[in-house]
Amino acid sequence: MCGIFGAILREGRVAPLIHDGLKRLEYRGYDSVGFATLHSGSLQVRKDAGGIDEVVSSLRMDEMPGAIGIGHTRWATHGAPEMVNAHPHTDCEGKIAVIHNGVIENFMELKEELINKGHSFKSRTDTEIIAHLVEEEMKGDIELGEAILKSLKRLEGSYALAILSPSDPEKIFCARHESPLVLGVSDDGVFCASDVSAMLPYTNRVVYLRNGEFAVIDVEGYKITKIQDGSPVERELQEVTWSLEMAEKQGYPHFMLKEIYEQPKSLRGSLRLQQAYLDLLTTLLDRGRELFLVAAGTSYHSCVAASYMFSKLAKLTTFPAISSEFVEQYGSSVGTDSIILAVSQSGETYDTLKAIDHARMRAATVLGVTNTVGSTLTRVSRAYLIQQSGPEIGVAATKTFTSQLIVLAQLALKLARTRGKISQDEVDDFEERLMRVPSYVEETLERHGKGIQALVDKYAGEKLFVFLGRGISSATALEARLKLLELTYVPSLAYPAGESKHGPISIIEEGVPVIFLCPRGETRKDIIGSIMEMKARGARIISVCEEGDREITMISDDIIEMPKGIPEVLSPIPYVVPLQLFAYYLAVQKGLDPDKPRNLAKSVTVP
Ligand code: AGP
């Protein structure tokens, strides 16, 4: 995820506004920054890796001349956070400047085609191909706008773009497909940005671009057309009533809630893994005798779930390990034929990096899944996958958890296909349903976004919660419990349901709420048995189950209904969502700040 800001002023210098706009978009990522401005027909680009204020001041970017310009704050997806990969990117002649938020999936083939036509590239990004594509189209002696439109039709993937060039020096060309872009109009000028928060100090009159739209802005206003056929789109300006603070969170009261709601989008992003990397990790995994999935906290819960995916689908012996325990527990048995797959959204968790050090010392193969390009984990892994969730600001992991799961599921399925341990039909079926997971989450949010409040009201006074699940749902139970515990500080337990009768059941007395995860699948019969055991001891049963599951409904006090058709092995992704909401709303009800739970840090980089 990156931030885009562009502006055309009637008078004055635009650079300080770009700086201010990007600061408001800093939450979208901040590993590099760059501006391009136009003055007296010449394009100036300044950019570097580093924080916004630091780079702007060291390159004196506030002083760049011109009333028209674009700026970008980057959160790396392709290519490390280095100057050469910072946006804007330009064509061979340095006359077309492009800033981009999103991922161009077919950039490798386009790059090869352009190299064969004589273009030379400076960066490792997917974005740079856009500048060269436009340059190539302009050789056909067409105008800049038309060349951009032609180029857009060749792009696959997601983008929000702003393009600036002396070939048409009074305009900024914008386009959107799956990444957000909004235009704004004031008496002083016209703006484009990744979200309204960036332009709110200057205007509250905005128009949102939709997927597949192209817009040309100049100092008089904007013109929108459809990319596909160039047909005009009439869309009126609307007035935004948000305060600045609300706008940063896109109208949500907390980052955590915003991130919960971002999950359909972040999951779609995580389904766009680069095949070459997926293939490489699969090949390395296939060589292993055993697989250790190593992580801390929420990421460990992803590993617990993934251990079921790898052993059920790919039939690979898999051990989830808490990273701080890894050396003690498995350190002396790890060897050259062990694979360590470390999972860490930050890529900087001390305990996880320590476990990796040890595994590397013993010549094991270390692989990684992380959300942070350029993190230590990416440097110490033999190969890694970037989960593409976008930055997560709330301390409690939500969208990074579900993204980790969908990445690990893709890996397990790919390995299953390679190893041929389950039938091709089954793999095809899982793959098809995996693609539907973002929609299952969307549906869940629509259903429970508001409705969960009634359940929160009913159980707000409880002093203890118990979470139980069987099979892969025991991982969902662990994560749901962690969310509740860290946000509300209410003591709670989570166990595989079958284990509860070996001890935890003694805590159950009249009225204790027990939350059961009950997706349809192999474990459903057993979970019904566990519910009956708890009921017999007076527990109040809250079940998360498939819509229309009459048997579970009849034995539960409350139910949280989930969409039909979710296979059990993928169920942790949608099933955790209503429980993230439950923890969030309960924290709010208790007057706690869900974005900053006490005693916790987003990334734990100490022993
Ligand atoms: C969960 O809400 C926490 N943020 C925490 O458990 C976190 O998952 C853990 O510290 C691991 O972080 P990582 O994914 O960055 O390694």
Side-chain angles (χ1 to χ4, degrees), residues 1-7 15 18-37 44-59 61-62 64 69-90 96-105 107 121-131 155 157-164 172 174-176 178-181 192-195 197-198 248 265-266 269 272 274 345-348 370-375 378-379 386-393:
M1 201 158 91
C2 305
I4 282 181
F5 185 87
I18 300 178
H19 181 185
D20 180 61
L22 292 185
K23 283 296 288 175
R24 291 174 210 288
L25 295 173
E26 207 168 13
Y27 75 91
R28 302 179 68 85
Y30 43 82
D31 61 43
S32 342
V33 63
F35 295 1
T37 62
Q44 273 207 22
V45 175
R46 294 186 199 173
K47 61 182 189 177
D48 206 349
I52 297 177
D53 286 338
E54 175 198 337
V55 174
V56 168
S57 118
S58 75
L59 299 180
M61 288 157 73
D62 274 341
M64 288 169 74
I70 54 178
H72 186 269
T73 176
R74 180 168 188 248
W75 187 77
T77 58
H78 292 60
E82 291 163 3
M83 192 275 269
V84 78
N85 293 325
H87 300 214
H89 290 284
T90 50
I96 300 162
V98 179
I99 54 175
H100 167 218
N101 167 34
V103 176
I104 305 301
E105 286 161 12
F107 87 99
F121 284 79
K122 300 178 229 30
S123 76
R124 293 172 64 88
T125 64
D126 51 340
T127 305
E128 192 183 346
I129 59 119
I130 302 169
L155 303 181
S158 58
Y159 52 80
L161 292 170
I163 301 178
L164 186 67
I172 297 175
C174 305
R176 172 202 161 134
E178 288 188 14
S179 300
L181 200 60
C192 61
S194 296
D195 78 45
S197 63
E248 264 182 7
K265 189 167 149 238
S266 54
R272 289 205 189 95
Q274 286 188 43
Q345 69 81 24
S346 64
E348 300 294 349
T370 180
N371 197 29
T372 317
V373 177
S375 61
T378 63
R379 292 197 297 274
I386 298 293
Q387 58 182 85
Q388 320 262 32
S389 324
E392 189 176 64
I393 312 288

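The shown structure was predicted, so the numbers you read here are calculated from the model rather than taken from an experiment.
Proximity of K47 to H89: side-chain heavy atoms (C-beta onward) are separated by under 4.5 Å at one or more points. With contacts defined as side-chain heavy-atom distances shorter than 4.5 Å, the pair T90/I96 does not qualify.
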Legend entry - From CA spacing to verdict: side-chain hydrogen bond (donor to acceptor under 3.5 Å, both in side chains), T127, T125: CA-CA 5 Å; T127 305; T125 64; 4.6 Å; no

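Across all their heavy atoms, A97 and I70 have their closest contact at O-CD1, 3.8 Å. Nearest approach of I4 to A162, heavy atoms of both residues: CG2-CB, 4.3 Å. Listed here is the closest heavy atom pair of P88 and V45: CD-CG1, 4.1 Å. For the pair P180 and N101, the tightest heavy-atom approach, listed with the atom from each and the gap, is CD-ND2, 4.0 Å.
Judged by distance alone, the side chain of D31 and the main-chain N or O of A76 form a donor-acceptor pair under 3.5 Å. Looking only at distances, a side-chain donor or acceptor of E128 sits under 3.5 Å from a matching main-chain atom of K122. With hydrogens and angles disregarded, a donor-acceptor distance shorter than 3.5 Å links the side chain of S158 to the backbone of V103. A donor-acceptor pair under 3.5 Å is formed between the side chain of N371 and the backbone N or O of G390. Not one N or O on the side chain of S32 forms a donor-acceptor pair closer than 3.5 Å with the backbone of G50.
Applying the ring-ring contact (aromatic ring centres under 6.0 Å, His included) test to H72 and every residue at least two apart in sequence or in another chain returns H87. Taking the salt bridge (Lys or Arg N to Asp or Glu O under 4.0 Å) definition, one finds that D20 meets it with R24, sequence neighbours left out. Remark: Q388 pairs with no residue by the side-chain hydrogen bond (donor to acceptor under 3.5 Å, both in side chains) rule, at least two apart or across chains.
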